[in-house]
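Everything on this sheet refers to the single structure shown next.
What's counted below: heavy atoms across the whole structure, side chains too, no hydrogens, waters or symmetry copies. Ligands are counted one by one from 1 in listed order, and the atoms in each one are counted from 1 as well.
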Amino acid sequence: EKGTYPHYMLKEIDEQPVVIRKIIQQYQDDQGELTISADIIDAVNEADRIYIIAAGTSYHAGLVGKQFIEKMAHIPVEVHVASEFSYNMPLLSEKPLFVFISQSGETADSRSVLVQVKEHGYKTLTITNVPGSTLSREADHTLLLFAGPEIAVASTKAYTAQMAVLSILAAVAGKARGVNLEFDLSQELGIIANGMEVLCDSKEEMEEIARNFLATTRNCFFIGRAVDYYVGLEGSLKLKEISYIQAEGFAGGELKHGTIALIEEGTPIIALATQEHVNLSIRGNVKEVVARGANPCIISMKGLEEEDDAFVLPVVNELLTPLVSVIPLQLISYYAALHRDCDVDKPRNLAKSVTVE
Ligand code: F6R
């Protein structure tokens, strides 16, 4: 039930800190160590390459998950859009592991890949919010998200839960392979849950950003570099699906290769600047669009902030920033949709689970 909340989407955004704490607790052993069952960790560590298959928001979580797995477990990862995979099947490695990410566990595009790769005898793991769902039943292994039912069509808490579970999978597999992680992941996830709480308490600021940047605009661009690019893709999907504003997310460096032609006086650009190693470059991209009249909304991280930034995120581990940086984007989309009188929980033309290919 949505209780006092006007929409499920807002309730589900607010639930994110609790979900992250629940995930930490569910994946901790009696000693407080993060743990995942040995058969799953063996399946991961026997693979010479991981293929992540997903659609929509879950695909965006997969892009971030690739970074987690490659950096924390040192296993190469490819991420594929489920609907493209069957006819664009890449040359597979010798010992692939297929990881399906799906909130509902019912997405037909993902299931058809699962059926196809099982015919070849490949190992499969589903990461889903729904125990007993089709993708869970049909894969060799399942990891659960523990996010509780997600009712709003626009996925929010499942996305952050997917990234949290992927980070745990990466860290536990990495540890078993002898990779030395320089931080304590459960502690970092705890810091993230606290940071999420601060963001969920910043609704007035987000409403104001939505009003200032998105109230009447036709379109909107999201830019970022490194993991910020992937979060921008998710931000643009959220904005278009619930507010019907034409939105596009892309890598900061790609601007000058075409999209910059679309920048006009007042075009909103939402830029994420949470990554120290690319901070100068993304700030440079913002200057390029401002020189063409864009209206920049910069969301940065404490320590990297500059005077005119629209919002500064609390500090979290640099690799894990997507878990917090997406929250302002979810809230901004929510308020943009409200301003435009859109049906936030049930946007037109969309269904919660897409069971046709
Ligand atoms: C976006 C959204 C969709 C789903 C996609 C995959 O907010 O909800 O893009 O992420 O349809 O669904 P699942 O994760 O259930 O496979």
Side-chain angles (χ1 to χ4, degrees), residues 7-13 15-16 19 51-65 79-86 98-115 124-139 142-166 222 230-245 247-249 322 326-334 336-337 342-357:
H7 298 99
Y8 282 107
M9 183 182 178
L10 195 61
K11 172 173 179 269
E12 290 163 6
I13 290 173
E15 282 170 353
Q16 290 175 107
V19 170
Y51 295 82
I52 292 180
I53 309 290
T57 289
S58 299
Y59 171 72
H60 296 155
L63 294 170
V64 175
V79 193
H80 292 271
V81 167
S83 60
E84 283 290 306
F85 188 84
S86 359
F98 283 85
V99 175
F100 296 85
I101 307 177
S102 175
Q103 188 286 128
S104 63
E106 301 297 341
T107 298
D109 290 325
S110 300
R111 175 163 188 258
S112 105
V113 179
L114 175 62
V115 170
T124 53
L125 161 67
T126 290
I127 301 181
T128 183
N129 200 26
V130 183
S133 56
T134 307
L135 285 167
S136 167
R137 280 185 279 110
E138 295 183 354
T142 297
L143 285 175
L144 291 176
L145 297 177
F146 301 107
E150 192 181 60
I151 311 283
V153 164
S155 182
T156 53
K157 61 177 179 173
Y159 171 73
T160 42
Q162 285 162 346
M163 296 190 292
V165 170
L166 283 159
F222 291 78
Y230 304 135
V231 179
L233 293 177
E234 173 58 10
S236 76
L237 177 60
K238 239 31 0 146
L239 187 65
K240 61 188 141 186
E241 69 181 324
I242 61 168
S243 76
Y244 315 139
I245 296 170
E248 194 186 339
V326 74
I327 292 184
L329 306 188
Q330 294 168 343
L331 284 167
I332 292 167
S333 300
Y334 173 79
C342 299
D343 188 347
V344 172
D345 282 341
K346 285 202 173 61
R348 67 187 182 206
N349 309 343
L350 291 170
K352 183 65 186 161
S353 68
V354 186
T355 51
V356 288
E357 278 180 54

List the closest protein heavy-atom neighbour of [atom]: residue, atom name, distance to the nearest 0.1 Å.
| atom | value |
| --- | --- |
| atom 12 (O) of ligand 1 | T107 OG1, 3.5 Å |
| atom 15 (O) of ligand 1 | S104 OG, 2.7 Å |
| atom 11 (O) of ligand 1 | V354 CG2, 4.1 Å |
| atom 6 (C) of ligand 1 | A55 O, 3.3 Å |

message: For atom 10 (O) of ligand 1, tell me which residue out of T355, L350, T57 has the closest non-hydrogen atom.
response: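 Among T355, L350, T57, the closest heavy atom to atom 10 (O) of ligand 1 belongs to T57.
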message: Heavy-atom count check: over 12 atoms from other residues, nucleotides or ligands less than 6.0 Å from K240 NZ?
response: yes
query: Would you say G105 and ligand 1 have an N/O pair spaced under 3.5 Å apart?
result: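 Min N/O separation from ligand 1 is not below 3.5 Å for G105.
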task: Consider every N or O of Q162 and every N or O of ligand 1, then say whether any pair is closer than 3.5 Å.
output: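 No.
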Which atoms of ligand 1 sit under 4.0 Å from any heavy atom of [X]?
| X | result |
| --- | --- |
| V153 | 7 (O), 8 (O) |
| K238 | 1 (C), 7 (O) |
| A154 | 7 (O) |
| S58 | 10 (O), 13 (P), 14 (O) |
| S155 | 7 (O), 8 (O) |

Separation between [atom1] of [X] and [atom2] of [Y], rounded to the nearest 0.5 Å:
| X | Y | atom1 | atom2 | answer |
| --- | --- | --- | --- | --- |
| I242 | D345 | CD1 | CG | 9.0 Å |
| T57 | I101 | OG1 | CD1 | 11.5 Å |
| S236 | H60 | OG | NE2 | 6.5 Å |

- prompt: Quick one: does ligand 1 sit under 4.0 Å from the side chain of E241, the backbone, both or neither, non-hydrogen atoms only?
  reply: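 The side chain, only.
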message: Heavy atoms only, cut-off 4.0 Å: how does E106 contact ligand 1, side chain, backbone, both, or neither?
response: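 Within the 4.0 Å criterion, E106 makes no contact with ligand 1.
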- prompt: Between the side chains of T156 and Q16, does any donor sit under 3.5 Å from an acceptor?
  reply: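 The criterion, which ignores hydrogens and geometry beyond distance, is not satisfied for Q16 and T156.
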message: Can you confirm whether the side chains of S133 and E106 place a donor and an acceptor under 3.5 Å from each other?
response: no
Kindly give the heavy-atom pair with the smallest separation between [X] and [Y], and that separation in Å.
| X | Y | result |
| --- | --- | --- |
| E357 | D109 | CA-OD1, 3.4 Å |
| L237 | G56 | CD2-C, 4.0 Å |
| L144 | T142 | CD2-CG2, 3.9 Å |

